[in-house]
Amino acid sequence: MTARADFVRAVGSRLLHCTARANLGGIATYGLLPPALLARLAGQDPQRLALRRDRLVLTMPDGSTAQLNHQLPILHGLAAANRVVDGHDAISWACQLDERVFLWPQRKGDAFMKSVERDSDIACLSFDTGAVFDLCADRLWLSPLNSGNFRQGGAHARRGDWIYCRASDGITAFRNNRRDRGLVAGTDIVGEVSLTGDGLAVADLADLKPEGL
């Protein structure tokens, strides 16, 4: 099978992105952008937003707003975040997370949405998995875990930049990544998908036509 077919088989036919419903207008105007890029557009230093305790609202150049999620899953496991991440401390790991747009296999996305919708009005964008791969495979990354979560079991999960495997390198490389490092006994399944770079521009969204936007 090709890398594309393997990817679709591994994550399912749809990828989800969960965001505050109030962000939909800004996404239509600016695209689906990583938090660090949104901060720069709003004239703020992304590093100063790291380890935020609350959902932060940024004011964009046209007067619209963008709401960023809090980073409590790091703060609530701060000691672990400073211990189990190779080559990073909690702040630098939080900063690299803000350089990504996160997508979820549908089974994981539904669970993530339920975990955040208790205190926020959430919208969910649904993308065709194969179309996302076709558009941006070289900056599409796979992780076996929620890479920003350091609570409960996440407090013991070793990670670093190496936890992300490029989708275009094939699913076999991803599945064996942690096993080859002696960290797990078996092969991994995809728990999280992320996009680096500038996320998805307005033109990309026009091509992908996500449900929910």
Side-chain angles (χ1 to χ4, degrees), residues 10-11 15-19 33-40 44-56 58 67-105 107-120 139-167 169 171-197 199:
V11 306
L15 286 168
L16 307 183
H17 175 77
C18 302
T19 189
L33 309 181
L37 181 51
L38 288 169
R40 294 183 190 106
Q44 297 202 35
D45 179 356
Q47 289 194 333
R48 298 187 65 182
L49 308 183
L51 302 183
R52 51 191 176 272
R53 290 190 170 276
D54 301 299
R55 290 187 171 88
L56 179 67
L58 301 173
Q67 179 178 295
L68 307 184
N69 284 335
H70 57 64
Q71 292 182 323
L72 290 177
I74 306 177
L75 286 167
H76 289 168
L78 192 59
N82 281 314
R83 184 183 69 249
V84 302
V85 186
D86 298 330
H88 287 272
D89 60 15
I91 293 176
S92 65
W93 190 251
C95 287
Q96 75 82 22
L97 293 171
D98 275 345
E99 297 284 353
R100 297 174 182 270
V101 169
F102 288 94
L103 304 169
W104 306 91
R107 67 187 187 282
K108 295 286 187 177
D110 289 342
F112 178 79
M113 185 169 68
K114 289 178 182 176
S115 74
V116 298
E117 67 182 356
R118 290 189 294 268
D119 58 350
S120 185
R139 55 192 184 91
L140 193 64
W141 302 87
L142 312 180
S143 169
L145 47 84
N146 180 338
S147 58
N149 179 32
F150 292 88
R151 297 180 293 194
Q152 299 176 337
H156 306 289
R158 195 99 215 156
R159 69 201 79 175
D161 294 328
W162 53 262
I163 198 71
Y164 304 108
C165 293
R166 199 186 305 269
D169 289 341
I171 201 69
T172 299
F174 160 77
R175 285 177 174 155
N176 293 327
N177 183 31
R178 290 200 297 171
R179 185 172 68 174
D180 290 348
R181 294 172 182 272
L183 296 174
V184 295
T187 56
D188 278 318
I189 62 173
V190 179
E192 172 191 273
V193 180
S194 59
L195 271 170
T196 51

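Because the structure is a prediction, the values reported are computed rather than measured. Residues take their numbers from the sequence shown, with the count starting at 1.
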My understanding is that only residues two or more places apart in sequence, or in another chain, count here; which of them pass side chain to side chain donor-acceptor pair (under 3.5 Å) with [X]?
{"X": "Thr19", "value": "Asn23"}
{"X": "Asp169", "value": "none"}
{"X": "Ser92", "value": "His88, Asp89"}
{"X": "Arg178", "value": "Asp188"}

So does [Y] get a backbone contact from the side chain of [X], meaning a donor-acceptor N/O pair under 3.5 Å?
{"X": "Gln44", "Y": "Leu49", "answer": "no"}
{"X": "Arg151", "Y": "Pro73", "answer": "no"}
{"X": "His17", "Y": "Phe102", "answer": "yes"}
{"X": "Trp93", "Y": "Ser147", "answer": "yes"}

Could you state the interatomic distance from [atom1] ([X]) to [atom2] ([Y]), rounded to the nearest 0.5 Å?
{"X": "Leu68", "Y": "Gln71", "atom1": "CG", "atom2": "CD", "answer": "8.5 Å"}
{"X": "Thr196", "Y": "Arg166", "atom1": "OG1", "atom2": "CZ", "answer": "7.0 Å"}
{"X": "His70", "Y": "Asp54", "atom1": "NE2", "atom2": "CG", "answer": "8.5 Å"}
{"X": "Arg55", "Y": "Asn69", "atom1": "CZ", "atom2": "CG", "answer": "5.5 Å"}

With sequence neighbours left out, what residues match [X] under side chain to side chain contact (heavy atoms under 4.5 Å, CB included)?
{"X": "His156", "value": "none"}
{"X": "Val84", "value": "Phe150, Arg158"}
{"X": "Ala36", "value": "Arg40, Pro46, Asp98, Glu99"}
{"X": "Asn177", "value": "Trp162, Cys165, Arg181"}

Working note: Val11 + Leu15, criterion side-chain contact (heavy atoms from CB on, under 4.5 Å); need CA distance, chi angles, decisive distance, verdict.
CA-CA 8 Å; Val11 306; Leu15 286 168; 4.1 Å; yes
4.5 Å side-chain heavy-atom contact, Leu142 and Val193:
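Yes, at least one pair of side-chain atoms sits under 4.5 Å.
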Heavy-atom pair with the smallest gap, counting every atom of [X] and [Y]:
{"X": "Arg100", "Y": "Pro35", "result": "O-CD, 3.6 Å"}
{"X": "Pro105", "Y": "Gly191", "result": "CD-O, 4.0 Å"}
{"X": "Ala155", "Y": "Ala80", "result": "O-CB, 3.5 Å"}
{"X": "Val101", "Y": "Leu33", "result": "CG2-C, 3.6 Å"}
{"X": "Leu51", "Y": "Leu75", "result": "O-CD1, 3.4 Å"}

Please test Val85 against Ile163 for side-chain contact (heavy atoms from CB on, under 4.5 Å), starting from the C-alpha separation and ending with a verdict.
CA-CA 10 Å; Val85 186; Ile163 198 71; over 6 Å; no
Determine, step by step, whether Asn176 and Thr187 satisfy the side-chain contact (heavy atoms from CB on, under 4.5 Å) criterion, reporting the C-alpha distance in whole Å, the side-chain angles of both residues, the deciding distance to 0.1 Å, and the verdict.
CA-CA 6 Å; Asn176 293 327; Thr187 56; 3.5 Å; yes
Step-by-step side-chain contact (heavy atoms from CB on, under 4.5 Å) determination, Ile189 to Phe174
CA-CA 8 Å; Ile189 62 173; Phe174 160 77; 5.6 Å; no
Among Leu72, Ile74, Leu78, which one satisfies side-chain contact (heavy atoms from CB on, under 4.5 Å) with His76?
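For His76, the side-chain contact (heavy atoms from CB on, under 4.5 Å) test succeeds with only one of Leu72, Ile74, Leu78, which is Leu72.
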Checking side chain to side chain donor-acceptor pair (under 3.5 Å) for the pair Ser194/Tyr164: CA distance, chi angles, key distance, verdict?
CA-CA 9 Å; Ser194 59; Tyr164 304 108; 5.8 Å; no
